[in-house]
2 protein chains.
Amino acid sequence: MGVSIRDVAETAGVSMATVSRALSGRGNVSPRSRQRVLDAAAKLGFVPSYNASSLASGRTRNIGVMLPSVSRWFFSSVLEGASKALLEAGYDLTLYNTGEQPGNRESVLNDFLLRQRLDGVLAVSLELSSDEVDRLMRVKRPVVGVGGPIAGVATLRIDDVAVAREATQHLIGLGHRDIAHVSGTAEFERDFALPTSRREGFLAAMKDAGLEVRSSWLAATDFTVSGAYSASKRLLAAPGGRPTAIFAASDEMAFGAILAARDLGLRVPDDVSIVGIDGHDLGPLFGLTTFDQNPRKQGETAVHMLLGQIEGDGAAPPSAAIEPEFVVRSSTAAPKAAQRG
Amino acid sequence: MGVSIRDVAETAGVSMATVSRALSGRGNVSPRSRQRVLDAAAKLGFVPSYNASSLASGRTRNIGVMLPSVSRWFFSSVLEGASKALLEAGYDLTLYNTGEQPGNRESVLNDFLLRQRLDGVLAVSLELSSDEVDRLMRVKRPVVGVGGPIAGVATLRIDDVAVAREATQHLIGLGHRDIAHVSGTAEFERDFALPTSRREGFLAAMKDAGLEVRSSWLAATDFTVSGAYSASKRLLAAPGGRPTAIFAASDEMAFGAILAARDLGLRVPDDVSIVGIDGHDLGPLFGLTTFDQNPRKQGETAVHMLLGQIEGDGAAPPSAAIEPEFVVRSSTAAPKAAQRG
DNA sequence: GTGAAAGCGCTAACAC
DNA sequence: GTGTTAGCGCTTTCAC
């Protein structure tokens, strides 16, 4: 129905092969022919069919991005970065939003990813089983992971354990001894080990400092502002005394903790210090001390790793660790309020 | 390289056409043949090539979603809804994140959308010029718009003017006379008339009630929490006296206003009432009075309109108006503080 | 440097 | 109900 390469060939007075070469840049074409082709294409408003091109060449110029949610800040930021990098590189981005519950993943893997429409896959915060990785690898397309470790796949991520440990050490260094941790529930562990890793780092720092951790001060909730708000309210209003500091596993959770403290009439950081992880855009507004992990950049970098593998020698890039930047703002300070045991 | 339909045909002992029919459901196949095909396909691990299928049939089972941002709540929610609906329908979603600045739109329209890889396009909050619409229509694919009016295209949206008017009337009904409006700058008008429409509704309601609007109480900023925070601080701390109520053009902006009020030591709603538009997930946490427009649902509905057009009779569905629900929470009340001129 | 021709893997008439 | 056949629009050997 549209203008095909044949039409361009005819008006340019050359063969289809020459048109293809002139337009794709592959192979040699005389400047004269190239110009004739370009003129003809412009005149006819030629738009190449990517399906036909893909079918013939095997390249699709399309990358699949798989992630558990688009509404949480980390994910939308990674997506934004990846989207920008792909747009610039002239690739399409096919989005597979698996949803927080793992049911959809099945169908995404089975029905979508394998349909040979993708040159590569970006898997964001998905902890894939070895069987799932196998299935992914079977299509012989490069895969790069972001935010979660995937066995046998090049991955881009921060060292969650180390970052959590340092965030906790920041609080300890300020003089805090009664520190609570707000993190994700077991439900979330299925898809990424993040909650476990961050809790691990927290516990390690506490242990190193010889500090005790009350089990009730390890709050588990979902990764949202609201979830952390409720959990923090419980923490801060518990009859047995409250912590002087909260380490939240994400900035959104930290915001929830800050809002909870305020609603209880507690001052941040005077009555309670709060630290997060992420580098959320609203961090400055809340004065949140946090580890900035620049997810937008992670999305971009991951895309470049992927494209390097696709367009380059095909060698899998090494997994890379992102260096997050610790940003101290006004949500953390030395404890001032009298402590209760 | 993979298993093709020909291999399946051979092991099943039928023709390629029968395999195609059995697998796609189109056309008649005896139960016996169907079973043989299914068995053979499963045994060989057959995965159809969508490129080949698209090329031959003209259908791509792929929908393009164009939006200006994935980080703002409204957009990510629409995307989530659309993504869910498409996943269920067995369609791929190709994401075109044009970015808030209009430069990318050009390349998205020129280089991506026209490559005949899409069965339809969902345009979210993009005000396309007639030339751009022309180019979109030239590919003969259905287009459905969400959140912004597009000339000549079926659109799903709330009546921004009416909603803004009612939100303002809510404040007026409570007894407020000094009402400010925080909305988007002219910069944003390029991509959607939303700021203008909502300001229009606000002004209409004020005029109807015989209330004056100070020009300095029409604050224009970007559509973020931070932008509204700064703008609201200026509004609420201005030397000439402050408004007793703020109507924010979005919930995220309303959150910014609430945070600004709190940081100034003002109580919401005692000192200042705040109302938004959207139905943001965090509305309950902030006690925000708002018009819930359920963007997730809008995304789903828009997809169904699109698929109906693609799979059905091809008739363009009528533009539909979403009925937003007014939710009164604790951020609005009758003015209590003494008013100053 | 260029063209002819053989597919890429599938679908859709059309015949039987 | 099933097979045969002719493409979908492009890329890519292979000759020249």
Side-chain angles (χ1 to χ4, degrees), chain A residues 1-38 40-41 44-62 92 114-119 139-141 311, chain B residues 1-38 40-41 44-62 92 114-119 139-141 311:
Chain A
M1 48 172 173
V3 182
S4 85
I5 210 175
R6 151 170 281 124
D7 304 321
V8 178
E10 275 172 15
T11 61
V14 296
S15 73
M16 284 169 55
T18 299
V19 174
S20 175
R21 284 190 276 251
L23 260 32
S24 71
R26 273 174 248 285
N28 292 329
V29 188
S30 72
R32 187 168 170 286
S33 298
R34 156 165 288 112
Q35 197 49 57
R36 295 175 65 107
V37 168
L38 259 36
L44 299 176
F46 171 70
V47 174
S49 158
Y50 266 52
N51 284 315
S53 169
S54 298
L55 183 57
S57 70
R59 294 171 248 103
T60 65
R61 294 198 79 81
N62 188 17
D92 271 347
L114 305 177
R115 298 187 301 205
Q116 309 173 37
R117 226 182 215 174
L118 306 173
D119 285 339
V139 272
K140 296 284 181 218
R141 298 287 191 230
E311 300 178 343
Chain B
M1 48 172 174
V3 182
S4 84
I5 209 174
R6 153 169 280 123
D7 303 321
V8 178
E10 275 172 16
T11 62
V14 297
S15 73
M16 284 169 56
T18 300
V19 174
S20 175
R21 285 189 276 251
L23 260 30
S24 71
R26 270 174 249 286
N28 291 330
V29 187
S30 73
R32 188 167 169 286
S33 299
R34 157 167 286 113
Q35 197 50 55
R36 295 176 63 109
V37 168
L38 259 36
L44 299 175
F46 171 71
V47 174
S49 158
Y50 265 50
N51 284 315
S53 169
S54 299
L55 184 57
S57 69
R59 292 173 249 105
T60 66
R61 295 198 79 81
N62 188 18
D92 270 346
L114 305 177
R115 298 189 301 206
Q116 309 172 37
R117 228 183 212 171
L118 306 173
D119 285 340
V139 273
K140 296 284 182 220
R141 298 287 190 229
E311 300 178 344

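Reminder, nothing fancy here: chain letters follow the sequence lines and each chain counts from 1. Keep in mind that what you see is a predicted model, and the values were worked out from it rather than measured.
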Report the distance from atom [atom1] of [X] to atom [atom2] of [N], rounded to the nearest whole Å.
| X | N | atom1 | atom2 | value |
| --- | --- | --- | --- | --- |
| B:R61 | C:dT11 | CZ | C1' | 15 Å |
| A:L23 | D:dC10 | CG | P | 9 Å |
| B:R6 | C:dC8 | CZ | C1' | 11 Å |
| A:N51 | D:dG9 | CG | P | 11 Å |
| A:L55 | D:dT12 | CG | P | 12 Å |

At a cut-off of 3.5 Å, list every protein nitrogen or oxygen paired with a nitrogen or oxygen from nucleotides 12-16 of chain C, distance to 0.1 Å.
unit_1, atom_1, unit_2, atom_2, d
C:dA12, OP1, B:R59, NH2, 2.5

For [X], side-chain hydrogen bond (donor to acceptor under 3.5 Å, both in side chains) partners two or more places apart:
| X | value |
| --- | --- |
| B:N51 | none |
| A:E10 | none |
| B:S33 | B:S30 |
| B:S49 | none |

Any B:T18 side-chain nitrogen or oxygen under 4.0 Å from OP1 or OP2 of D:dG3: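 For D:dG3, OP1/OP2 do have a side-chain N/O of B:T18 under 4.0 Å.
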
Looking at the side chain of [X], which of [options] is the nearest nucleotide?
| X | options | value |
| --- | --- | --- |
| B:F46 | D:dC10, C:dG9, C:dC10 | C:dC10 |
| B:I5 | D:dC10, C:dC10, C:dG3 | C:dC10 |
| A:S53 | D:dC8, C:dT2, D:dC10 | D:dC10 |

Under the side chain to side chain contact (heavy atoms under 4.5 Å, CB included) rule, collect the residues that match up with [X], sequence neighbours excluded.
| X | result |
| --- | --- |
| B:N28 | none |
| A:L38 | A:L23, A:R34, A:Q35 |
| A:A56 | none |

Nearest-nucleotide comparison on DNA chain D, the residue closer to the 5′ end among A:S4 and B:V14: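 Closest to the 5' end, via its nearest nucleotide, is B:V14.
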
Starting from the 5' end of DNA chain D, give me the residue, B:S15 or B:A52, whose nearest nucleotide shows up first.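 That would be B:S15.
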
For a quick test of reading the model, state the closest non-hydrogen atom pair linking B:V14 to B:V37 and the distance between them.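 For B:V14 and B:V37, the tightest heavy-atom pair comes out as CG2-CG2, 3.9 Å.
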
Can you list, by residue number, the residues of residues 28-36 of chain A that have a non-hydrogen atom closer than 4.0 angstrom to DNA chain D?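 Result for residues 28-36 of chain A: none.
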
Rounded to the nearest 0.5 Å, what separation is found between the CG atom of B:D92 and the CG atom of A:D92?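 If we round to the nearest 0.5 Å, B:D92:CG and A:D92:CG are 10.5 Å apart.
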
Side chain to side chain donor-acceptor pair (under 3.5 Å): pairs with one or both residues in residues 17-27 of chain B, sequence neighbours excluded: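 For residues 17-27 of chain B: B:S15-B:T18.
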
Pairwise side chain to side chain donor-acceptor pair (under 3.5 Å) hits with a residue in residues 52-62 of chain B, at least two apart: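 Checked against side chain to side chain donor-acceptor pair (under 3.5 Å) - neighbours excluded - the pairs reaching residues 52-62 of chain B are B:T60-B:D119, B:N62-B:T94.
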
Take the C1' atoms of the five end pairs on each side of the helix from C:dG1-D:dC16 to C:dC16-D:dG1, get both axes, and report the angle to 10 degrees.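 The angle separating the two end axes equals 30°.
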
